[in-house]
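Accompanying notes for the structure given below.
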Amino acid sequence: MKYVLVTGGVVSGLGKGVTASSIGVILKACGLRVTSIKIDPYLNTDAGTMSPFEHGEVFVLDDGGEVDLDLGNYERFLDIKLTRDNNITTGKIYQAVIDKERRGDYLGKTVQVVPHITDAIQEWIERVAMIPVDGKEGPADVCVIELGGTIGDIESMPFIEALGQFSYRVGADNFCLIHVSLVPVLSVVGEQKTKPTQHSVRGLRSLGLTPNILACRSTKELEENVKAKLCQFCHVSAENIISLYDVSNIWHVPLLLKDQKAHEAILKALNLIGVANEPALVEWKSRAELSDMLHEPVRIAMVGKYTGLSDSYLSVLKALLHASVACHMKLFIEWIPSSDLEDATAKENPESYKAAWNLLKGADGVLVPGGFGDRGVQGKIIAAKYARENKIPFLGICLGMQIAVIEFTRSVLGLQDANSTEFDPNTSNPCVIFMPEGSKTHMGGTMRLGSRRTYFQVADCLSAKLYGNKSFIDERHRHRYEVNPDMVAQLEDAGLSFTGKDESGQRMEIVELSSHPFYVGVQFHPEFKSRPGKPSALFLVGLIAAACGQLDAVLKKSGTKTTAMSNGTSAIKSHQYGNADKTPNWSLGVVYSNGNGVHC
Ligand code: GLN
């Protein structure tokens, strides 16, 4: 097993995750099998209990692991399926060591950070690196390890120490360290500055780690004299200094790496020259380039508890992007804070109310994503009602599906106090209830989590057709509440169809409104399995296709359409953000209504 460690310097938010995933992409394109590990030095055992508004979305894996969103990047870029153990946290390591201590495994010894925690980290890495993640037998060839945070953080010290020992143990030919750093431009002199990188490399060395490659993030390509300076002061050869400047969409990043022969530098460090092929990135190239050319807009209203951080819904955005690309449309996201649609806002803040309604009315499709807690629920119900009554394509994901059911129960069945018991435990019409596969008292890892099977109830329902007429599908879940099975008959009589259920028939997985062109709710999260060339099981394609009038064409070609459409990968014309302050940013390639599109 060969290891590539990716560390970050100077500041966070440089796009280390995208860089590390892109390194994986070029190595994979060289014919190597690649796996990855993300280290998050925080104390939480996993990302499950962290607020998406603080830390970005919680990504969910097949095995139910609630992990950092960077694992989503790896799954999407490398088309692999990771396990919960591929995300290491300080919490997990300490828990494992303390469990061992309680069992008596260290009997007689003083348990310390060095060597017990550092040994546990190394053992974890070696064990997890061997787990196959690409559907093939046996371990991968290369494991890309991304160390979260920035060099110098107190939290990451045990990991740095462990990785220093690890690099020595596995040997120079099996370990390559890539340090992602920042080369800022000061607006006064307009000159690329190397000092922050010099300091951060010095910090890295003082901790016992020597970088093989420097990946320098900057707004523009690195100037030759700047490279020369970095060579001299950081002791890294010129061909090992990669200029990762701003590009119009993140699919260009593997191409940037390839163009600068980063693969050769990595293969050389890992003693793999001659073993691996020249990377072929034909699909990436056409996707990235065509992605810059799309112009015909498709406007999707995202109605959520939106507070300005687009990372909170990252996988949904990516899934929408993959789907829009497949439909050759340029994606515009209209962020609508759901509470702005509520009557109370009309009185308190008429401007926001008007703006929110204008965005909703101008949208080609409405998406209500997952969520927790009752803030903004009323606004989401209003959005669902608007989409249902005005025949606007609607997709409700998880909470979004529950919202659609609550709205229907209130408006069509006339049960005005219908609600989820999550929001009103005493409602006399609980149309969404707590379904025990989890716990109400323990919040960590107790939800209905991970891959579960959904069986289509009717062969020719819209969702079955979109999924290529399969009889069942496996999608990822993350919820505690579900549609009340006791109310299903009543709802179906009124026209709401539950077209997908679990094997027991008790858990409602998909809801559809046949009298509507596209009104679909799903209890699962289709966004987690969407890939750049393979949009999420046609579901989000369903929404996008319906929103831009292509649904009939998609349905006619159902089953073959996914590949047919994705081969012609054109994509979203990107919007340039944030360059005014000379901070490097990689755009996701989506245009946002509020300008909060900065994403690395
Ligand atoms: N809060 C809802 C539940 O727990 C929905 C969760 C979600 O959208 N992920 O069931």
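Start at 1 and go down the list; that is how both ligands and their atoms are numbered. Values below: all heavy atoms of this structure, side chains included; hydrogens, waters and symmetry mates excluded. Keep in mind that this is a model prediction, so the values were computed, not measured.
Qualifying side chain to side chain donor-acceptor pair (under 3.5 Å) partners for Asp340, counting only residues two or more places apart in sequence or in other chains: none. For Asn86, the side chain to side chain donor-acceptor pair (under 3.5 Å) partners two or more places apart in sequence, or in a different chain, are Thr83.
Polar contact with ligand 1: absent for Met447 (N/O pair, distance under 3.5 Å).
The protein non-hydrogen atom at the shortest distance from atom 5 (C) of ligand 1 is Gly371 O, 3.3 Å. Of the protein's heavy atoms, Cys398 SG, 3.0 Å lies nearest to atom 7 (C) of ligand 1. When hydrogens are left out, the protein atom nearest atom 4 (O) of ligand 1 is Arg480 N, 2.9 Å; that is the closest non-hydrogen contact. The protein atom (non-hydrogen) at minimum distance from atom 2 (C) of ligand 1 is Glu422 OE1, 3.3 Å. The nearest heavy-atom contact from the protein to atom 9 (N) of ligand 1 is Arg478 O, 2.8 Å. The shortest contact between atom 10 (O) of ligand 1 and any protein heavy atom is with Tyr481 N, 2.8 Å.
For Phe59 and Phe528, the gap between ring centers is short of 6.0 Å.
No hydrogens or angles considered: nothing links the side chains of Ser536 and Arg531 as a donor-acceptor pair under 3.5 Å. With 3.5 Å as the limit, one finds a donor-acceptor pair spanning the side chains of His477 and Glu509. Of the N and O atoms on the side chains of Glu527 and Tyr313, not one donor lies less than 3.5 Å from an acceptor on the other residue.
Between Phe332 and Ser324, every side-chain heavy-atom pair lies at or beyond the 4.5 Å cut-off.
Near His479, meaning under 4.0 Å from one of its heavy atoms, ligand 1 places the atoms 3 (C), 4 (O), 6 (C), 10 (O). Residue Leu399 approaches ligand 1 through these ligand atoms, each under 4.0 Å from one of its heavy atoms: 5 (C), 7 (C), 8 (O). Close approach to Gly370 involves these atoms of ligand 1, each under 4.0 Å from a residue heavy atom: 8 (O).
Ligand 1 lies within reach of Gln402, whose nearest heavy atom is under 4.0 Å from it. The closest approach between any non-hydrogen atom of His525 and ligand 1 is below 4.0 Å.
Note on ring orientation: taking the six-membered ring where Trp is involved, the planes of Tyr467 and Phe456 are tilted (angle from 30° to 60°).
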